[in-house]
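So you know, we letter chains A, B, ... as the sequences are listed, proteins then strands, and number each from 1.
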Amino acid sequence: MGDRAGDTQGRNMELLKPAIAAELAALSTFAALGLVAEKIAENLAKPPKPEMGDLALGCFKLARDLNLKPPELASRLASAFAAATGALVLHVSAAGPYLNLRLNHQAAISHTLHAIETTTGGDNPEHWRFGNSEEGDGKTLVIDLSSPNIAKPLAVHHLRSTMIGYSIKRIREAQGWRVVGVNHLGDWGTGFGKLIAGLKKYFPDVEKRARAGDPQPLGDMSVATLNQTYARFNAESKENEDLAEAGRHEFSLLEQHIEALIGGTRAGAGQDGEANFRIWEHTRSISLAEFERMYAHLGLSFHLWPVVDLQHARVLTAEPDVFYRDHCLYVGESYYVAAEDLCRRIIADAVDSKVAEESEGAIVIYTHGKDKPPLMLVKNDGATSYHVRDLAAAIYRHRHWHAHELAYVVGGEQKWHFEQLFKSLELLGHDWAKGCLHVEFGLMMFQQADGKWAKTSTRRGTAIMLEDLLDEAVKSVREIMASKNPELSQTPEAERIAHAVGVGAVVFNDLKNGRRNNVKFDWDAVLDFEGESGPYMQYQFVRMGSVLEKYREKFGEPSFASGEAKLLALPEEWLLVQLLADFPAAVARASRELEPSIVARALIDLASATSTWWSATKDTRIVGEDAELSLARVRLVNAIRKVLGRGLSLLGISLVERM
RNA sequence: GCGCCCGUAGCUCAGUGGAUAGAGCAGCCGCCUUCUAAGCGGCUGGUCGCAGGUUCGAUUCCUGCCGGGCGCGCCA
């Protein structure tokens, strides 16, 4: 089996540990020493080499509790085992401080395959429950994901927040949580003042139409033009303080207008405010249309939470849990200003309770002492800052969805902001702030002409557009399909497959490594569909499907109940079963650590072992002449297929039956 | 300067205080009449950044240093 046999990762068989530990705990020697199942299970681990055993009981901690030397305990347990004949534990032997266990493979295989077969009925991966748990039953997580800015195109770095967040949503749901995904749209802030000022300056017609009451004053302007307009004005305003001031003024008018509209605490801004409001609203709808297209590529569905249409602001569905499972929501930052007036109420509250204070014309909270920069609620021009909008959003989420945890999938460069945010919530008396988590992730870097890596930036034009990346990946897949599977590429489903595999490749590439790592963007690496890649995972899934189809052609519908586990005697088959038995633990850990890469890594190990097995059975085939052997192997094939499929769908990657 | 993240094979990265640290890519050598070769096998490749400390045991925990990244009041 080569080096992989020595790999201890992912072969802990967590699924079987409770049963194994219970079996040992029932033995008189173990019981006499007070070794209960739970303590045994905690100390079971994988030996470095399979020859040593299938599992090992490390005796270090157990011996210390009993005032014995670890090797002494191990040998005492070993010598007492001789008479016992367990169902799962076949044999034990002491090896220094370890008690090595050899398992009854047949029993372990049956146990594992049965567990998978009883939880993965039907054809819909959403219904494959192997790896699910009830850990989060009755708890709600509100997760902030994607959160792009209006008037900017989606770039590759947005993929990180979007897919890490979406995958965490799915993983948490698999662990029983109710998860509300919220896309906290950046649709508010001084930037919009600059954009409006820029539009008025460079496109005088826009202002005319807005003043005349046209609800679409921007005509058919594209997001790219909006972004360029902002960038141009922003650059010019750095040289010219008057322009900067004009930008702040336009935003202030907009905010005044909306606050007056909702009967808030401030006076209106007349026709100017109204015109700005129309421009802002149209900008937002143009951007949303583009976001929709991108999210559709990724297979995500968002619904816009009513923001400015106060008449119809209400809960969107009568069946919220189903709704939240199938969709995420857009809730723009403007919601907390426009529809709830939460921002001003929080500000007033913070000032009244002396948590906030005035400083240099602004209202701030010193969250970490006077020598650290404070969190800013209101800027010296009277406009709200994004900090106060985040406070409002947190309070709203906790109150509205009764959230037990609030997670923010936002880049690590905003770590300080979230530390301040959570501390401010605490200072304002919200003890639930303990359940707030910043799910930070690394930056997307690109290589500069001098060879050094730097942060990508939409403004500086160094960002790669998400659409270009997805297009490029799908195009590559199309080409590979045309050469490797020409018949399939002529069929009507070819385009759908190319899309699923191409997008899946990009997503898997993003999720396979720990989220905190910076990502050095490299076209060649993203478009490399060999090795630890999305297409490789899809490919093994497709192969398993083909084998099942082959079996049906040859022997008819398989009856797994009569598949004999003892016929699965190859070392490759044992390895696969161990990996399968470890999948639920991987999902549970991914949920706990909010880390999709743990699931992705489990899939890499499983897919790799599958491919090795495929080759190892080349001579007899998985489905061969021997009906009984074929049936036993097809049971394993079915289990692998279900687990690979479930894992990919937890990562937000769609499945294909052929490629 | 202060704070946070990272440092493991040529490159990109896994690694839950435990036995001899792993994969993918790149390089070299092999393997397609069969259920898809987007694959499989083999070889080459390591002072786990450095130095202390805690521990029966440290790549893993703590401290200091070095190197890279990010952040540090009116962008979000």
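Within 6.0 Å of the CD atom in A/Glu549, the count of heavy atoms belonging to other residues, nucleotides or ligands does not exceed 12.
Checking the phosphate oxygens (OP1, OP2) of B/C5, no side-chain nitrogen or oxygen of A/Trp416 falls inside 4.0 Å. Taking side-chain N and O atoms only, A/Lys455 has a distance below 4.0 Å to OP1 or OP2 of B/G71. Checking the phosphate oxygens (OP1, OP2) of B/A76, a side-chain nitrogen or oxygen of A/Thr190 falls inside 4.0 Å. Regarding contacts with the backbone of B/A37, a side-chain N or O of A/Arg543 is found under 4.0 angstrom from either OP1 or OP2.
When the C1' atom of B/C70 is taken as reference, atom CH2 of A/Trp453 falls 17 Å away, rounded to whole Å. Note: CH2 (A/Trp614) to C1' (B/C31) measures 16 Å, nearest angstrom.
Applying the 3.5 Å distance criterion, the base of B/A38 shares no donor-acceptor pair with the side chain of A/Tyr539. Interface remark: the A/Asn100 side chain does form a donor-acceptor pair with the B/A19 base, using a distance-only criterion of under 3.5 Å. You won't find any donor-acceptor pair under 3.5 Å spanning the side chain of A/Asp528 and the base of B/C25, going by distance alone. Side-chain atoms of A/Ser533 stay outside donor-acceptor range of the base of B/G24, with no qualifying N/O pair under 3.5 Å.
The aromatic rings of A/Phe521 and A/Trp523 sit perpendicular to each other, their planes meeting at more than 60°, with 30° as the lower class boundary.
With respect to the salt-bridge test (charged N to carboxylate O, under 4.0 angstrom), the residues A/Lys370 and A/Glu357 qualify.
Looking at heavy-atom distances under 4.0 Å, A/Ala616 makes no contact with the nucleic acid at all. Contact annotation for A/Gly186: no contact, since no heavy-atom pair falls under 4.0 Å across all strands.
Base pairing of B/C4: its partner is B/G69, meeting the Watson-Crick or G-U wobble criterion (both donor-acceptor distances under 3.5 Å). Remark: B/A37 base-pairs with no nucleotide; criterion is Watson-Crick or G-U wobble with both hydrogen-bond distances under 3.5 Å.
For A/Ala95, the listed nucleotide lying nearest its side chain is B/A19; candidates were B/A37, B/A19, B/A76.
Aromatic ring centroids of A/Trp188 and A/Tyr386 lie 6.0 Å or more apart.
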Evaluate the criterion ring pair (Phe, Tyr, Trp, His ring centres under 6.0 Å) for residue pair A/Trp416 and A/His368; output intermediate values, then yes/no. CA-CA 11 Å; A/Trp416 175 242; A/His368 292 73; 4.7 Å; yes
